[in-house]
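Only one structure is covered here, and it is reproduced in the block below.
One is the number of the first residue; the rest follow in order along the sequence. In listed order, ligands and their atoms are each counted from 1.
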Amino acid sequence: MVEKIHTTLRDSSVARWTALILLASTMFVAYMFIDVLAPLSTMLETSLKWTPDTFGAVAGSEYFLNVFAFFLIFAGIILDRIGVRRAALVSGFLMVIGASIKLYGISDYFNAGGFGYDFFNSFWTGFPGSAKVACIGFAIFGCGVEMAGVTVSKGIVKWFAGKELALAMGLEMAIARLGVFAVFRLSPFLAEKGGVTLSVGVGTLLLLIGLLTFGVYFFFDKKLDAQTEALRAAGDETSQEEEFRISDLKTIFTSKTFMVVAGLCVLFYSAIFPFQKFATGMLESRLGMTTSEASSLFSYFPIGAMILTPLLGWFIDNKGKAASMLMLGSLLMIVCHLIFALTPTESFTFAIALTAIIVLGVSFSLVPASLWPSVPKLVDNKVLGSAYSIIFWIQNIGLMLTPILIGWALKSSNPGIAEQIAAGEAVKYNYTVPMLIFAGFGVAALLLAFYLKALDKKKGFGLELPNIVK
Ligand SMILES: NCCCC[C@H](N)C(=O)NCC(=O)O
């Protein structure tokens, strides 16, 4: 007799949380790689001649193909068509390939005249060949990491919809933040031992392990799909999933509320991720610290977010209030960036810097914890992958342009400093203008958060309501 299945892996909490850990482990190493060079801006300026604008351009290159080649939009469509497990593998491969190219660009072998060195240094000579190769690699890595982000979000909805969705998303982000903490501690340590190549080399190796973790997830996902299919065939699962059509994308682009959420996302994140790239340099300059000390101090930023994001996720699952949290998160961000920008040097102590970093970490948990689980309330499940990828795409435009803008603003507001550093003088950049720009993004995000709350009240999407259906 064939046993009839009434439940799926989704109904087992052990299986559900194991699937989450597998997905989140890859994001842990991916987020490590994103910021592997972030604490090393000073070292890169002396070893590879990367001035702040070069450093900013390399940081922004992560998003280049996603934005200009519309890769992220395709990634969402591909995801909605081929499903979570296959998209996870594609994204994992892209990350490993891109990271390997970036590693080659900054390697001693390349910079001692290795393959391609002459070619990459033969044009646009103001931008080092090492930075050009690093940009190509980071742009490919960027396709992988953003596709992984969309895939993991859809994967979590697949396993946790109607259950602990915001908590699961919060935990996934917490694990990713732990990766940022780890890299701010590990990268300067490794760079001191074996140069920037060792830091990036270890990051690349970890990504390979992340690809294997996605490989293990593949089998979990396959089993869940087989069980869900069996339930459908037996008639226990009533709602047959509708097929995704490209024309469905129109519903996303024409949703005003969705576009407001996307606007808020780009403004908020433009003042967070690009800030991470410049924070070590800013703290070195403002507190007169070494790279390693400044990087260790900044590592508390993701730690605050790591602890709070799952707790806030739990709160949103059970009590709601996501739209209000978006407002509070934007407000806290403005205050912190203004502290970095405007506190006079004599008052900008270690304690003030640490407090502002921790409060910024709180802001960095309030917004992601409330923003990402709100997306399924705004769009149909069949276009969810595309919806996440469109938000990420809009966000990526900001993440690409902001480091370029900040690098340029830093150089322009400090005339002559790059030349003095190149000549070996111990001078520091002044970060006031870049920090004011970050605060400006926060102000715009706050205004949109107010508007979103009003829209939700009028249209009733339930952004302030709990996720758990009792
Ligand atoms: N360089 C940052 C990559 C992560 C961007 C990604 N699109 C995202 O927003 N993830 C959610 C998060 O809060 O980390």
Residue contacts for ligand 1, heavy atom to ligand atom, distance under 4.0 Å: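 Within 4.0 Å of ligand 1, the protein residues are Tyr31, Ile34, Glu62, Tyr63, Glu146, Met173, Arg177, Tyr269, Phe273, Pro368, Trp372, Phe392, Gln395.
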Do the ring planes of His337 and Phe340 sit parallel (below 30°), tilted (30 to 60°) or perpendicular (above 60°)?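 If you compare the ring of His337 with that of Phe340, the planes turn out tilted.
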Residue Phe218 excluded, over 12 heavy atoms near CZ under 6.0 Å: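 Yes, CZ of Phe218 has more than 12 neighbouring heavy atoms, counting only those of other groups under 6.0 Å.
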Those residues that, when tested against Asn396, pass side-chain hydrogen bond (donor to acceptor under 3.5 Å, both in side chains) (two or more places apart):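 Asn396: side-chain hydrogen bond (donor to acceptor under 3.5 Å, both in side chains) contacts with Asn66, Glu146.
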Assess, by modelled atom type and distance only, whether the side chains of Tyr451 and Lys256 contain a donor and an acceptor separated by less than 3.5 Å.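 Checked: Tyr451/Lys256 side chains pair up, N/O donor to acceptor below 3.5 Å.
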Ring centres under 6.0 Å, that's the criterion: do Phe141 and Phe33 meet it?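 Here the rings of Phe33 and Phe141 have centres that are less than 6.0 Å from each other.
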Closer than 3.5 angstrom, by distance alone: can the side chain of Asp317 be matched with the main-chain N or O of Ala166 as a donor-acceptor pair?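 Yes; judged by distance alone, with no hydrogens or angles, the pair exists.
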